[in-house]
Amino acid sequence: CGGNGAVTAEETKLVMGTVARLTVRADEITSQAALSDGLAVLAQTERDADGAAIAELEAAAGTGTWTEVSPALYETLTLAQEISRRSNGAFDVTAGALTELWERARTEKLPPSAEKVAAARSHVGYEALELRAMEEGGQTRCEARLMKAGMKIDRGALIKGLALDGIHSTWQNADIKNALADLGTSSILGMGVNEAGEPWQIGIRNPRGERAGDALAVLPLSNEVLSASGDDERFFLYEGRRYHHLIDPRTGYPAETGLASVVVTLPLRGDDLPAWRGHMGLLSDMLSTAIFVLGAEEGRKLLADFPPALVILIGTDGRVIGE
Ligand code: ADP
Ligand code: MG
Ligand code: MG
């Protein structure tokens with residue numbers, strides 16, 4: 001191919017503990033530039049996730065001292081706190097102490113003691129995250145503080161969505177029309193159409209499939225984002241029980257709501273959700289985690305606040321749960 005003809009350029013990279021695959025359909029030069037821009041966004045989002053501001057914020061937890069944060073981090077924390085509130089803490093952006101405990105448990109393949117769970121749980125509470133923005137000489141100064149000692153921010157449930165929003169905005173600015181960004185199948189951005197001129201085709205993983213990659217269904221994705229949360233990605237078995245990575249902060253244990261997987265899609269434009277414009281990846285990522293922890297019934301109530309969102313619920317028996 002050459003000239004102005006569209007090519008399909010692809011790049012894969014190990015990032016955020018998963019394989020990211022970026023696909024861009026444009027002329028050769030444009031698509032190569034878009035791919036490297038996309039990779040740069042991924043790297044930057046990952047660096048920001050364990051950046052100095054969060055470490056400083058956590059180090060000051062319980063002291064009452066404010067920490068300056070970037071406007072971008074301020075916005076992410078504000079939106080994450082809103083989903084924490086709307087989900088009554090089923091999703092909690094301050095779940096870090098608890099999720100770290102369970103991460104260690106996964107390495108040791110041994111559930112933590114009830115005492116340790118209780119202690120970690122006491123360090124969780126989105127209401128104790130305080131945020132403020134002040135005008136200072138024509139500039140906005142953003143600050144945050146954690147009001148309980150030992151509190152930790154966990155961006156694990158939203159980082160991929162956040163990265164997709166960054167890629168979307170970068171590609172939009174570069175006038176990319178047709179592209180796909182797939183972050184290990186757990187968050188996917190689909191702009192425009194594929195080579196066949198059709199929506200991108202996304203395989204919905206069967207969480208109880210025989211082999212990794214077994215698809216339950218194929219979902220068309222066009223100018224939408226998709227995020228999935230499942231109990232089959234990171235877990236260990238102990239005495240016949242599955243201990244996965246989606247923790248209910250209200251109990252301190254992996255959520256058991258009869259769900260094995262939750263898939264949420266949102267239109268990129270988000271016309272009905274002005275407050276979330278430009279953040280549809282972030283929103284879909286947080287919603288899939290929140291709904292997993294809430295379960296089907298409570299999850300649907302949360303979803304009612306976000307009309308353009310569509311959800312696929314898959315039960316622990318591997319079946320799709322109907323309306
Ligand atoms: P994926 O890792 O595939 O993107 P999720 O978006 O559901 O899946 O994120 C899972 C991660 O979210 C966990 O590894 C953990 O760090 C974090 N997490 C787990 N439970 C909660 C919760 N109740 N609230 C906020 N974050 C959570
Ligand atoms: Mg999530
Ligand atoms: Mg996610």
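Quick note: residue numbers are just sequence positions, from 1. Everything numeric in this text was worked out from a predicted model, so none of it was measured. Remember, it's 1-based here, ligands and their atoms both numbered in the order they're listed.
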| task | Say whether, by atom type as modelled, one donor and one acceptor occur between the side chain of E298 and the main chain of G295 under 3.5 angstrom. | result | no

| message | I'd like to know whether NZ of K13 has more than 12 heavy-atom contacts from other residues, nucleotides or ligands below 6.0 angstrom. | response | no

| task | List every atom of ligand 1 that sits less than 4.0 Å from any heavy atom of D285, numbering the atoms from 1 in the order shown and giving each element. | result | 6 (O)

| query | Just which atoms of ligand 1 are under 4.0 Å from any heavy atom in G156? | reply | 9 (O), 11 (C), 12 (O), 16 (O)

| Interfacing atoms of ligand 1 (cut-off 4.0 Å, heavy-atom, E233) | 3 (O)

| message | If you take the nearest heavy atom of each of D154, T289, D231, which one is closest to atom 16 (O) of ligand 1? | response | D154

| message | I need the nearest protein heavy-atom contact for atom 18 (N) of ligand 1: residue, atom name and distance, please. | response | T99 CG2, 3.6 Å

| query | Do other residues, nucleotides or ligands put more than 12 heavy atoms under 6.0 Å from I29 CD1? | reply | no

| Has P249 got any heavy atom lying under 4.0 angstrom from an atom of ligand 1? | yes

| field | Result of checking R242, R208, R205 against D232 for side chain to side chain donor-acceptor pair (under 3.5 Å) | value | R205

| task | Determine whether any heavy atom of E103 lies closer than 4.0 Å to an atom of ligand 1. | result | no

| said: More than 12 heavy atoms of other residues, nucleotides or ligands under 6.0 Å from CZ of R269: yes or no? | reply: no

| task | Identify the protein heavy atom lying closest to atom 21 (C) of ligand 1, giving its residue, its atom name and the separation to 0.1 Å. | result | I247 O, 3.9 Å

| note | Under 4.0 Å from one or more heavy atoms of S229, ligand 1 contributes atoms 5 (P), 6 (O), 7 (O)

| said: Can you check which of S84, G230, A157 brings a heavy atom nearest to atom 26 (N) of ligand 1? | reply: A157

| said: At a threshold of 2.8 Å, where the distance has to be below it, does the Mg ion (ligand 2) have an N, O or S atom of T289 nearby? | reply: yes

| said: Measuring from non-hydrogen atoms of A90 to any atom of ligand 1, is the shortest distance under 4.0 Å? | reply: yes

| query | Which value, rounded to the nearest 0.5 Å, describes the distance between K152 atom NZ and L101 atom CG? | reply | 10.5 Å

| request: Among all protein heavy atoms, pick the one closest to atom 8 (O) of ligand 1 and tell me residue, atom and distance. | output: H245 NE2, 3.8 Å

| task | Please determine if D92 has a nitrogen or oxygen closer than 3.5 Å to a nitrogen or oxygen of ligand 1. | result | yes

| task | Under 4.0 Å, heavy atoms only, figure out whether ligand 1 is touched by the backbone of K160, its side chain, both or neither. | result | side chain

| query | With the Mg ion (ligand 2) at the apex, how many degrees lie between O of A157 and OD1 of D285, rounded to 10 degrees? | reply | 80°

| Side-chain touch M280/H168, heavy atoms, less than 4.5 angstrom | no

| said: Which of the numbered atoms in ligand 1 are under 4.0 angstrom from any heavy atom belonging to S186? | reply: 1 (P), 3 (O), 4 (O)

| Charged N to carboxylate O below 4.0 Å: is that the case for R85 and E82? | no

| request: Identify the heavy atoms of A105 and P112 that sit nearest to each other, and give their distance. | output: CB-CD, 3.8 Å

| Any N/O of V93 closer than 3.5 Å to an N/O of ligand 1? | no

| Quick one: does R234 get an N or O within less than 3.5 Å of an N or O on ligand 1? | yes

| message | With a sphere of 6.0 Å drawn around CZ of R319, does it hold more than 12 non-hydrogen atoms of other residues, nucleotides or ligands? | response | no

| query | Taking 4.0 angstrom as the limit, do R25 and E195 come out as a salt bridge? | reply | no

| query | Do the side chains of Y238 and R241 get nearer than 4.5 Å, heavy atoms only? | reply | no

